[in-house]
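Below is one structure, written out as structure tokens; comments come after it.
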Amino acid sequence: MLWLLLALPCLGGSVPRAPDPRPGRELVGIVGGCDVSARRFPWQVSLRFYSLRHGQWRHVCGGSLIHPQWVLTAAHCVQPEELEACAFRVQVGQLRLYDHDELTRVVKIIRHPQFNESLAARGGADVALLELEAPATLSEHVHPVSLPPAFLRVPPGKTCWVTGWGDIMYRKPLPPPYPLQEVDVPIVGNEDCGRQYQNHSGGPSEVIREDMLCAGREGRDSCQGDSGGPLVCRWNCSWVQVGVVSWGSFCGHQDFPGVYARVTSYVSWIRQYVPRFPGP
Ligand code: ARG
């Protein structure tokens with residue numbers, strides 16, 4: 001039934017009658033964070049999906065502006081694949097979620113071809129691109145973030161920042177007025193991170209893949225609803241996006257860092273579709 005609804009093509013111009021995201025797949029945190037002050041993370045966007053139950057375009061995931069007309073998010077935020085671009089909207093330049101919404105339509109969704117729907121975020125390649133109907137008007141509050149060169153190595157121990165409107169603790173939503181949260185998190189090496197997850201899963205399989213990056217420590221993490229949002233670091237006095245919030249066990253748990261899609265693994269794929277900004 002759900003699939004039938006989801007498979008319906010969107011009707012031009014009208015509000016898509018799409019159902020709530022599946023239960024158990026809560027897409028709607030930052031743990032241990034604090035309110036973001038204006039202009040600090042002007043690339044943060046909120047990805048919206050229409051909720052019939054709330055009669056509202058609800059926040060489902062984060063994302064980042066990487067060009068005035070392109071958003072980088074997580075592939076699992078736009079699954080299943082049958083969901084069309086018109087089922088989504090993007091809000092740029094907001095600090096308090098839902099405060100004077102001015103939504104932009106999405107005209108194209110490009111999911112990474114290696115993203116596996118059944119493995120979901122844990123299968124890797126958890127990246128997707130959203131083309132906006134029109135370029136966002138840039139200002140102090142709306143501005144793209146830079147992508148790293150593919151060769152950039154992100155050293156374990158480095159402090160970076162993750163932002164979002166997701167849960168502030170495991171299963172504890174951010175309360176109104178929904179101020180955007182930021183938290184600094186240390187990068188954790190893939191080996192350490194993999195060992196931590198492996199100890200608990202017991203399986204011999206590779207849990208933390210090469211195209212993933214871990215960050216966080218006890219009480220400092222992203223959480224449900226932050227997915228798709230940016231993990232950014234300072235490099236030579238400018239901000240660079242190194243990760244896309246993807247998955248994790250619990251939130252802010254001492255044994256489990258947050259897991260991100262590693263942006264350096266996907267820059268060349270992104271550059272096939274998204275022009276450099278500012279141009280060369
Ligand atoms: N999968 C989550 C989402 O859809 C993000 C979870 C991040 N978890 C973590 N412990 N860092 O919003």
Side-chain angles (χ1 to χ4, degrees), residues 20-33 44-49 51 58-64 71-80 83 88 97 111-112 115-128 130 159-174 178 180-188 190 192-194 196-197 200-201 207-209 211-232 241-263:
D20 285 322
R22 287 177 246 157
R25 186 179 70 109
E26 302 103 318
L27 293 166
V28 182
I30 295 293
V31 176
Q44 176 77 44
V45 312
S46 161
L47 179 64
R48 308 292 185 85
F49 191 77
S51 161
R58 301 271 291 179
H59 172 86
V60 287
C61 271
S64 57
V71 166
L72 174 62
T73 188
H76 82 261
C77 290
V78 289
Q79 82 180 98
L83 286 175
F88 295 93
L97 195 61
R111 298 161 170 94
H112 196 281
F115 177 74
N116 180 321
E117 288 226 352
S118 43
L119 298 176
R122 293 180 186 240
D126 193 11
V127 286
L130 312 176
T159 299
C160 298
W161 281 259
V162 61
T163 46
W165 291 279
D167 294 354
I168 54 174
M169 273 172 73
Y170 186 59
R171 299 199 163 142
K172 190 170 188 301
L174 175 71
Y178 316 115
L180 178 64
Q181 300 291 297
E182 62 163 288
V183 68
D184 58 291
V185 285
I187 301 294
V188 178
N190 278 34
D192 279 346
C193 186
Q196 284 177 271
Y197 273 95
H200 292 267
S201 72
V207 201
I208 305 300
R209 303 178 183 231
D211 75 328
M212 298 176 183
L213 180 153
C214 301
R217 62 179 171 90
E218 188 173 6
R220 310 181 87 74
D221 195 6
S222 47
C223 199
Q224 265 57 43
D226 290 322
S227 276
L231 172 71
V232 293
Q241 181 173 355
V242 301
V244 175
V245 180
S246 181
W247 62 279
S249 291
F250 310 102
C251 301
H253 190 288
Q254 58 175 5
D255 297 332
F256 304 105
V259 187
Y260 297 76
R262 190 181 280 274
V263 174

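Both ligands and their constituent atoms are indexed starting at 1 by order of listing.
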Contact atoms of ligand 1, heavy-atom distance to Gly258 under 4.0 Å
11 (N)
Looking only at distances, please establish whether an N/O atom of ligand 1 is found under 3.5 Å from an N/O atom of Gly225.
yes
Gln224 heavy atoms within 4.0 Å reach ligand 1 at atoms 1 (N), 2 (C), 6 (C), 12 (O)
Looking only at N/O atoms, are Phe250 and ligand 1 under 3.5 Å apart anywhere?
yes
Approximate separation, where rounding is to 0.5 Å, of Gln79 CD and Glu117 CD
5.0 Å
Suppose I only count heavy atoms of Gly248 and a 4.0 Å limit; which atoms of ligand 1 are within that range?
8 (N), 9 (C), 10 (N)
Heavy-atom distances under 4.0 Å are what count here, so tell me which part of His76 touches ligand 1: side chain, backbone, both or neither.
side chain
Could you tell me whether the side chain of Gln254 and the main chain of Phe256 form a donor-acceptor pair under 3.5 Å?
no
Looking only at heavy atoms of Phe256, does any of them come nearer than 4.0 Å to an atom of ligand 1?
no
Could you state the interatomic distance from CG (Asn116) to CZ (Arg122), rounded to the nearest 0.5 Å?
14.0 Å
Using a 3.5 Å cut-off on N or O atoms only, is Asp221 in polar contact with ligand 1?
yes
Relative to the ring of Trp165, is the ring of His59 parallel (under 30°), tilted (30 to 60°) or perpendicular (over 60°)?
perpendicular
Region of Ala121 that comes within reach of ligand 1 [heavy atoms, distance under 4.0 Å]
neither
Taking the six-membered ring where the residue is Trp, are the ring centres of His112 and Phe115 under 6.0 Å apart?
no
Separation of Asp167 CG from Ile30 CD1 (nearest 0.5 Å)
10.5 Å
Among the heavy atoms of Ser246, does any lie under 4.0 Å from an atom of ligand 1?
yes
Between Arg209 and Asn190, do the side chains contain an N or O donor and an N or O acceptor separated by less than 3.5 Å?
no
